[in-house]
Amino acid sequence: MQTDCSPADDAADRQYDQSNDRYVFHHDTESSALVTTTIVHALASVTDIDVSQGEFSLYDSVDPDALNRLFRSTADGSERSGGHVAFTAVEHTVYVYANGDVIIHPPTETDPGVEQPRPHPNSQQR
């Protein structure tokens, strides 16, 4: 499935998929950066929150250490091949996939207390 995404002005790695009302980021699984670092920067980009000022902590939504363990390489050094985690942070629904995709959906106009399940937006592996 192809989506129309355009790079954002303030974040080279952020794309907004207007047809699905979501922001698309990608964590480089081969870099030394942790997936939680990518998530925090992605949320800061989308919400205009200054994480350096303590306006937001990922700990308020999910255990960052557990999230990093879930998405790091296996004990034998191979990359994770599947799976995802979803959680809500600063009223945005965040999906993190083993292939490095980080998808952020802004709050909806419907009942904000009910999270609607969303399938992976792209079945292609990167």
Side-chain angles (χ1 to χ4, degrees):
M1 175 172 124
Q2 286 289 70
T3 57
D4 294 326
C5 295
S6 60
D9 295 334
D10 61 344
D13 62 342
R14 177 177 82 176
Q15 296 178 332
Y16 181 68
D17 176 0
Q18 186 173 11
S19 63
N20 292 301
D21 190 25
R22 65 184 179 196
Y23 295 91
V24 180
F25 297 83
H26 188 75
H27 172 72
D28 182 0
T29 57
E30 295 184 18
S31 77
S32 61
L34 299 172
V35 70
T36 51
T37 301
T38 300
I39 294 166
V40 167
H41 287 283
L43 282 166
S45 174
V46 168
T47 62
D48 293 324
I49 289 176
D50 185 352
V51 294
S52 67
Q53 298 299 314
E55 295 177 25
F56 164 71
S57 172
L58 198 54
Y59 281 103
D60 295 337
S61 305
V62 68
D63 181 342
D65 296 326
L67 199 55
N68 286 325
R69 284 191 304 271
L70 281 172
F71 290 103
R72 71 177 177 214
S73 299
T74 62
D76 68 2
S78 61
E79 294 296 317
R80 304 280 178 185
S81 60
H84 74 277
V85 171
F87 59 93
T88 302
V90 289
E91 299 179 3
H92 289 67
T93 305
V94 180
Y95 292 84
V96 184
Y97 295 89
N99 70 351
D101 287 343
V102 176
I103 311 297
I104 299 176
H105 293 269
T108 61
E109 300 286 326
T110 60
D111 184 1
V114 178
E115 181 179 327
Q116 299 297 319
R118 299 176 193 225
H120 185 280
N122 184 350
S123 60
Q124 296 176 343
Q125 295 291 318
R126 291 187 182 188

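Counting from 1, the numbers follow the sequence of the chain as shown. Please read these numbers as outputs of a predicted model, since none were measured by experiment. Side chains are part of it too, since the values below use all heavy atoms of this structure and drop only hydrogens, waters and symmetry mates.
- Partners of Ser52 under the side-chain hydrogen bond (donor to acceptor under 3.5 Å, both in side chains) rule, at least two apart in sequence or in another chain, are Asp50.
- Residues Ser61 and Phe87 come closest through the heavy atom pair CB-CD1, 4.0 Å.
- Tyr23 pairs by the ring pair (Phe, Tyr, Trp, His ring centres under 6.0 Å) definition with Tyr16, not counting sequence neighbours.
- Residues passing the side-chain contact (heavy atoms from CB on, under 4.5 Å) test with His92 are Leu43, Val46, Thr47, Val90, Ile104, Pro106, Pro107, sequence neighbours excluded.
- Residue Ile39 is tested with Val62, Leu34, Val96 for a side chain to side chain contact (heavy atoms under 4.5 Å, CB included); the sole match is Val96.
- Applying the side-chain contact (heavy atoms from CB on, under 4.5 Å) criterion to Asp76, with sequence neighbours excluded, gives Thr74, Ser78.
- The side-chain hydrogen bond (donor to acceptor under 3.5 Å, both in side chains) test applied to Glu79 returns Ser73, not counting sequence neighbours.
- Under the side-chain contact (heavy atoms from CB on, under 4.5 Å) criterion, Ser32 pairs with no residue at all, not counting sequence neighbours.
- Using a 4.5 Å heavy-atom cutoff, the side chains of Asn20 and Ile103 are not in contact.
- Note: Thr38 OG1 to Asp101 CG = 11.5 Å, rounded to the nearest 0.5 Å.
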Exercise for review: Determine, step by step, whether Val35 and Tyr97 satisfy the side-chain contact (heavy atoms from CB on, under 4.5 Å) criterion, reporting the C-alpha distance in whole Å, the side-chain angles of both residues, the deciding distance to 0.1 Å, and the verdict.
Suggested key: CA-CA 10 Å; Val35 70; Tyr97 295 89; over 6 Å; no

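- Between Val94 and Phe25 the shortest side-chain heavy-atom distance does not fall below 4.5 Å.
- With sequence neighbours excluded, the residues forming a side-chain hydrogen bond (donor to acceptor under 3.5 Å, both in side chains) with Thr36 are Asn68, listed by chain and number.
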